[in-house]
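Only one structure is covered here, and it is reproduced in the block below.
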Amino acid sequence: MLSITLPDGSIRQYEGTVTGLTIAQSIGAGLAKAALAMEVDGKLVDLSLEITEDSSIKFVTRKDEAALELIRHDAAHILAQAVQELFPGTQVTIGPAIENGFYYDFAREEPFKPEDLENIERRMHEIVTRNEAFIRQVMPRDEAIQYFEKIGEHYKAELIRDLPETETISVYQQGPWLDLCRGPHMRTTADVGGAFKLTKVAGAYWRGDSKNAMLSRIYGTAWRDKKELDAYLTQIEEAAKRDHRRIGKEMDLFHLQEDAAGSIFWHPKGWQLYTNLQNYIQRIQRRYGYVEVRTPQLLDRSLWEASGHWEKFRENMFIATVEDEDRTYALKPMNCPCHIQIFNHTLRSYRELPLRMAEFGACHRYEPSGALHGIMRVRSFVQDDAHIFCSEDQITSETAMFVRMLSEVYKDLGFESFRVKFSDRPEKRAGDDSTWDKAENSLKEACEQVGVEFELNQGEGAFYGPKLEFVLRDAIGRDWQCGTLQVDYVLPERLKASYIGEDSARHRPVMLHRAIVGSFERFLGILIEQYAGSFPLWLAPVQVVVATIVNDAEDYAQEVVELLQSKGMNVELDSRNEKINAKIREHSLQHVPVILVVGRKEVEERKVAIRRLGGAAQEVLGLDEAIELLGKEATPPDYNRAPIVKQKLKLECEG
RNA sequence: GCCGACAUAGCUCAGGGGUAGAGCAACUGAUUCGUAAUCAGUAGGUCCUCGGUUCAAUUCCGAGUGUCGGCACCA
């Protein structure tokens with residue numbers, strides 16, 4: 001007798017072994033019809049799987065979120081079948097379900113063209129209507145390899161060869177077509193439904209390695225029903241509207257041009273936004289006890305050789321030479337070695353630690369051409385970089401302080417949540433294993449003590465130390481590393497940083513590399529998308545436009561402008577000979593947060609009509625009151641915040 | 001860097017082997033107007049760059065550059 005526990009706690013008994021389908025049928029015809037797959041003891045499996053032991057099961061129907069992954073995975077199989085029917089000779093490789101959809105990588109001489117998608121999609125719909133059952137078969141390993149080699153599917157054969165010996169080799173058949181697959185799948189191709197769409201073709205390396213062959217990838221999106229699909233497609237369209245490249249153009253914030261690929265021309269409004277952010281970060285850093293420095297752009301290569309960057313990143317560095325001198329310089333790709341120079345310039349005492357040295361450091365890196373992306377990935381950028389020279393026992397409190405600072409900043413800038421990744425030692429690295437053990441452990445311990453939860457990003461650390469990455473997501477759903485915190489025992493060693501300890505002996509400081517926004521360029525790109533161009537008043541490049549209705553209001557409007565300017569605000573006067581409707585429209589499209597409308601009435605009564613972005617209502621206030629109110633509203637969030645007392649902070653962080 | 005697509009007015013885009021067109025923006029004039037487009041007129045182009053085919057190339061072909069979508073990379 002087999003006992004099957006259902007989600008409601010009830011237990012059913014069956015003779016011998018039993019499949020999910022039989023169980024579903026025994027519960028009811030409706031469920032048997034709706035069930036697509038099942039979870040046995042929490043593991044998603046085929047409905048047709050024979051259950052041989054007592055277990056608890058849960059059926060997955062179209063209503064469940066879990067159905068999405070099944071639909072997407074099955075859609076990938078159907079895509080592969082459609083492609084092989086239409087393009088004989090194409091080899092299949094892998095095709096997983098991913099966020100929002102699926103893809104499949106194919107090997108063929110001629111990559112697919114965007115025009116092919118329509119055809120393939122049509123064939124996929126046809127395969128769905130064929131209603132072919134997904135049939136699972138287990139094959140002995142060698143037989144499977146032979147089989148796939150025989151039918152010319154060399155990639156599949158390679159996959160099987162690389163599977164662990166213990167792995168069961170299963171294939172899934174749908175009609176005449178079959179594919180190596182771990183499963184699970186739904187019952188038939190019809191279960192996929194019609195709510196899918198092929199979205200793009202792309203190149204991708206076999207097994208994600210650029211040394212391997214380039215495959216042709218087809219991406220698709222798939223959902224439970226048409227409504228979900230349409231909602232997704234609409235959401236994509238909406239997201240495109242907040243793309244920072246588009247808004248940057250519309251608001252005239254910046255531009256890029258061919259002569260300076262990967263470097264930004266900041267226009268007046270964009271630069272205003274930039275400096276608003278930079279000034280804010282600077283104030284925050286001062287509050288947290290940082291000192292600010294400025295270091296050279298161009299340095300002799302010997303420094304980069306000493307730091308190890310020359311060896312590791314030489315190909316990504318901009319090199320400079322001059323005719324009359326036999327020296328090679330490099331534009332700095334990062335600031336750390338420079339900060340160590342300042343640290344080393346004088347004899348340091350343990351009393352000076354932790355020494356938090358910040359720089360808005362302009363860096364240049366020759367990023368591969370394909371990596372460039374708007375202002376988010378550029379070749380010339382400025383980091384809100386800082387290096388904390390500290391002793392080993394200060395790592396935890398400094399980590400705590402940094403996480404607190406970063407959270408404060410992200411919150412101020414509208415990011416309530418962010419992801420944290422912990423990247424540990426990479427294959428190519430400097431420093432011995434015991435040093436890495438120490439660095440990784442201290443960073444992990446610090447995270448635990450501070451309560452930072454992270455995902456592990458194996459092997460993705462910097463070459464000199466492990467790092468925490470603070471990840472934000474852009475409008476289109478792409479993740480970007482912004483903040484970072486790295487524990488480094490290596491560079492202080494290489495560049496011979498030291499301080500005199502309590503014991504009068506020389507010690508190596510630990511160096512914490514950290515950034516909150518990362519690069520201003522990238523962060524501003526994210527920020528533009530986050531706010532879709534409609535920045536909070538304190539950040540907005542143009543905070544207020546004073547718009548006149550008639551010429552007679554111009555003098556008064558000018559007075560209003562000057563009063564606001566005296567409060568430190570960025571204000572523009574619009575006294576053009578245009579209708580007020582046109583002015584409102586234009587400045588609204590420019591995302592100006594506040595428009596002050598002044599006509600004859602306002603002049604006479606010394607008032608202003610306030611119209612805020614996004615609202616149609618207006619509020620008429622007396623001039624003094626309005627200036628006072630706007631001045632207050634435009635105050636950056638960090639103003640008037642309590643200073644951070646060193647002692648108190650230490651206690652907080654340690655406690 | 002790799003695979004693919006694209007590059008025409010300030011912007012968004014149409015066109016096509018015989019040296020180009022729309023809307024918006026700009027400029028000029030009229031209008032002085034009450035909360036998302038006032039009307040009329042004018043001007044605006046090395047059709048990305050270089051090479052090839054052709055009587056003729058912005059259009060076809062090739063290379064380069066840049067941008068976009070992915071992949072790889074990201075100190």
Side-chain angles (χ1 to χ4, degrees), chain A residues 103 105 110-116 199-219 243 245-246 249-250 252 255-262 304 307-309 312-313 315-317 332-337 363 365-374 377 379 383 385 426 428-430 460-465 467 469 476 478 480-481 484 486 488 491 513 518-519 522 547-554 575-589 595-602 609-618 620:
Chain A
Y103 70 75
D105 285 346
E110 283 275 299
F112 294 106
K113 297 208 169 59
E115 305 87 273
D116 295 331
T199 49
K200 54 198 172 198
V201 292
Y205 295 109
W206 166 236
R207 297 194 145 174
D209 188 334
S210 61
K211 288 194 277 291
N212 290 340
M214 173 71 49
L215 306 171
S216 187
R217 175 174 298 181
I218 297 178
Y219 280 97
D243 190 306
R245 291 164 294 193
R246 176 173 173 159
K249 216 179 263 174
E250 286 168 356
D252 192 24
H255 87 267
L256 292 131
Q257 70 186 43
E258 226 171 303
D259 320 69
W304 304 111
S307 71
H309 290 95
K312 179 112 186 2
F313 291 113
E315 264 117 61
N316 298 305
M317 285 165 69
K332 74 172 167 191
M334 41 137 49
N335 311 295
C336 353
C363 296
R365 295 178 186 173
Y366 183 76
E367 300 287 5
S369 56
L372 300 180
H373 178 91
R377 184 86 183 266
R379 289 179 177 154
Q383 296 175 317
D385 204 3
K428 274 193 187 171
R429 58 181 180 260
E460 298 291 318
F463 76 86
Y464 48 72
K467 62 177 180 180
E469 291 175 46
I476 314 162
R478 282 183 278 221
W480 297 90
Q481 179 198 316
T484 184
Q486 306 163 7
D488 181 5
L491 283 184
H513 306 240
S519 102
R522 169 176 300 180
T548 55
I549 299 176
V550 292
N551 282 349
D552 291 349
E554 191 170 342
S575 59
R576 290 172 309 156
N577 180 10
E578 291 288 347
K579 290 197 159 191
I580 193 63
N581 290 27
K583 293 185 185 182
I584 298 276
R585 178 179 153 82
E586 269 178 45
H587 301 303
S588 298
L589 288 172
I595 302 173
L596 295 184
V597 177
V598 294
R600 286 215 175 79
K601 217 160 62 186
E602 284 74 18
I610 304 180
R611 188 196 160 103
R612 288 169 198 277
L613 184 60
Q618 52 168 330
V620 181

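First the proteins, then the strands, lettered A, B, ... as listed; each starts at 1.
- Rounded to a whole Å, the CG atom of A:Leu589 is 17 Å from the P atom of B:U35.
- Atom name C1', nucleotides B:C55 and B:C48: the rounded distance is 27 Å, in whole Å.
- For RNA chain B, if you chain together Watson-Crick or G-U pairs that step i with j, i+1 with j-1 and so on, the runs of at least three with distances under 3.5 Å are B:1-7 with B:65-71, B:10-13 with B:21-24, B:26-30 with B:38-42, B:48-52 with B:60-64.
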Under 4.0 Å protein heavy-atom contacts per nucleotide of nucleotides 67-75 of chain B, with B for base, S for backbone only and - for none: SSBBBBBBB
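- Residue-level contact check: A:Glu602 touches the bases, meaning some heavy atom is under 4.0 Å from a base atom.
- Counting only heavy atoms from C-beta on, A:Ala609 has its side chain closest to B:U35 among B:U38, B:U35, B:A5.
- Using C1' as the reference atom, B:G17 and B:C73 are 43 Å apart when rounded to the nearest Å.
- For A:Thr484, the side-chain contact (heavy atoms from CB on, under 4.5 Å) partners are A:Lys467, A:Gln481, A:Gln486, A:Ala515, not counting sequence neighbours.
- Under the side-chain contact (heavy atoms from CB on, under 4.5 Å) criterion, A:Arg585 pairs with A:Leu589, not counting sequence neighbours.
- A distance of about 28 Å separates the P atoms of B:A9 and B:C2, rounded to the whole Å.
- The backbone N or O of A:Pro333 lies less than 3.5 Å from a partner atom in the side chain of A:Arg365, making a donor-acceptor pair.
- Rounded to a whole Å, the CD1 atom of A:Ile580 is 6 Å from the C1' atom of B:U35.
- Residues meeting the side chain to side chain donor-acceptor pair (under 3.5 Å) test with A:Tyr205, sequence neighbours left out: none.
- With A:Glu367 as the fixed residue, the salt bridge (Lys or Arg N to Asp or Glu O under 4.0 Å) test singles out one of A:Arg377, A:Arg522, A:Arg379: A:Arg377.
- One finds no side-chain N or O of A:Asn551 lying less than 4.0 angstrom from the OP1 or OP2 phosphate oxygen of B:U32.
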Dump the pairs, protein N or O against N or O of nucleotides 8-11 of chain B, anything under 3.5 Å, distances to one decimal.
none

